[in-house]
Amino acid sequence: MTDPALQFSRVVKSYGSGEAEVRALDGVDLEVAQGEFVAVMGPSGCGKSTLLHLAGGLEDPTAGAVFAHGRDLSTLDAAGRAALRRNDVGIVFQRLNLVASLTAIENVALPLELGGMRAREARPLAVAALEAVGLRQQLDRYPDHFSGGQQQRIAIARAIVGGRSILLADEPTGALDSRTADEVVELLAGLPAASGTTVVLVTHEPRFASWADRVVFMRDGAVVDQTRSTPASPPAAPDPEMVN
Amino acid sequence: MTVREGLLALLNEGPRHGYQLKTEFETATGGVWPLNVGQVYTTLDRLERDGMVRVTEGAALPGQKVYEITHQGAQELGAWWEAVPADEPPPRDELMLKVLMAIEHSQEHGLNVVTRQRTELLGLLQRKRRERAAQGDAGGLAARLVTEALMARAEADLRWLDRCEAELVQQRPTGTRDEGEKR
Ligand SMILES: Nc1ncnc2c1ncn2[C@@H]1O[C@H](COP(=O)(O)OP(=O)(O)O)[C@@H](O)[C@H]1O
Ligand SMILES: [Mg+2]
């Protein structure tokens, strides 16, 4: 049995203390299988972003544990965490947060170069990641040359470059018009089949969530319900007649 | 729409016999409304009695009646195209009433029902999306638009359930957060 890509075990996350304590997560149990596409929904303030921050090793749980590919993230030191974000887990946020002074390719190559890779080696990997998100042209232009949807594709390329296996996306369509947003979600939905990437998407939109293999609903810092996991594209389905 | 209005709309395209009307009606409505031939003939008899259609000469087969629309029938059809479906008085929507009744019992029960219904509806939306993807361009425009209608309705209901949840969470007295429905 392979380890789940992500596992939350009785995770509690508090901010502040005493009177001012806020429990952003209040006992989350959740597993995400490798290559699974999970959407997370829930009212504002229910802990969705906190969940992604913990999964990305950006913060530590107050209690409980978060595992990525079987590794307890709280056991990692600073270097281990940096390596985790460089090699395993990529994050895409709602706002378009590319570096304005770097070209598309340079933005995507950045995490590799920060990890010590030479620009000459990083560049072809960046080009491959950009191709995977459907961008092939004008890759030496700066972010403001691209539309909002294209910029978000570049951000996704930066999050998956170098073969990172887990993509965390926090309302990545929030700043996009609905047509472009549809395309970005379709792109995310295709990643598990295309490259085995595990995708966790936080979204408010039922339309986007419906692309997922499984939809998880949160409230008050906990998982309150979820749909059954039914992979949209099972890896071994030779005969379409047999699927139904 | 009634069967009567549907048949008038088809006859407005030209004369047709009963069985043809049955199959065209079913195709045009994307397969969501199967008719039996008896229903079609009963409706045609009433339309003929009311002067909306008449039987023409020149049937292809002996014993087969071919119907055509009359001027009066065309007028009734025109009025139907113009009429806008009215939601007054409010429809007795099953989902809405279920949630309202649950809230009447208690806010926590309301939240439970909202949660359950939402998960089921999202599951439905997932299935419809896959159906549509598998369908591709096959199955015809009507069938595709039927799927789109079901998806749009599920999305609207889901958005309404989100509103219900937000309102219920907000109205809940503080301090009940951990005594709620969680385990
Ligand atoms: N850094 C922080 N300091 C204090 N409170 C925080 C912090 N981050 C999040 N919170 C609180 O934790 C709760 C969950 O926040 P968040 O995970 O951002 O919710 P969501 O993304 O679902 O809207 C909220 O009540 C929020 O105010
Ligand atoms: Mg958030």
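Lettering of chains follows the sequences in order, A, B, ..., and the numbering in each one begins at 1.
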Option among A:Ile91, A:Leu201, A:Val202 that satisfies the side chain to side chain contact (heavy atoms under 4.5 Å, CB included) test with A:Pro172: A:Leu201
From A:Arg71, A:Arg164, A:His69, residue fulfilling side chain to side chain contact (heavy atoms under 4.5 Å, CB included) relative to A:Leu84: A:Arg71
Step-by-step side chain to side chain donor-acceptor pair (under 3.5 Å) determination, A:Gln34 to A:Ser165: CA-CA 8 Å; A:Gln34 291 189 30; A:Ser165 58; over 6 Å; no
Separation between CE of B:Met52 and CG of B:Leu11, rounded to the nearest 0.5 Å: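 Going from CE on B:Met52 over to CG on B:Leu11, the span is 12.5 Å.
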Modelled atom types, side-chain donor and acceptor of B:Thr147 and B:Glu131, under 3.5 Å: no
Which one wins on heavy-atom pair count under 4.5 Å against chain B: [options]?
options: A:Cys46, A:Ser44, A:Ser210; answer: A:Ser210
options: A:Ala39, A:Gly42, A:Pro43; answer: A:Pro43
options: A:Arg214, A:Arg207, A:Arg228; answer: A:Arg207

Exam field: side chain A:Ser14 to backbone A:Arg23, donor-acceptor pair closer than 3.5 Å: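 No.
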Donor-acceptor under 3.5 Å (A:Asp213 side chain, A:Phe37 main chain):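 Present.
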Region of B:Arg116 in contact with chain A, defined by heavy-atom distances below 4.5 Å: both
A:Lys13 to A:Tyr15, cation-pi by 6.0 Å centre distance and 45° axis angle: yes
Positions in residues 24-41 of chain B that reach chain A, provided some heavy atom is under 4.5 Å away: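 Under the 4.5 Å heavy-atom cut-off, nothing qualifies.
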Side chain, backbone, both or neither of A:Glu205 within contact of chain B (heavy atoms, under 4.5 Å): side chain
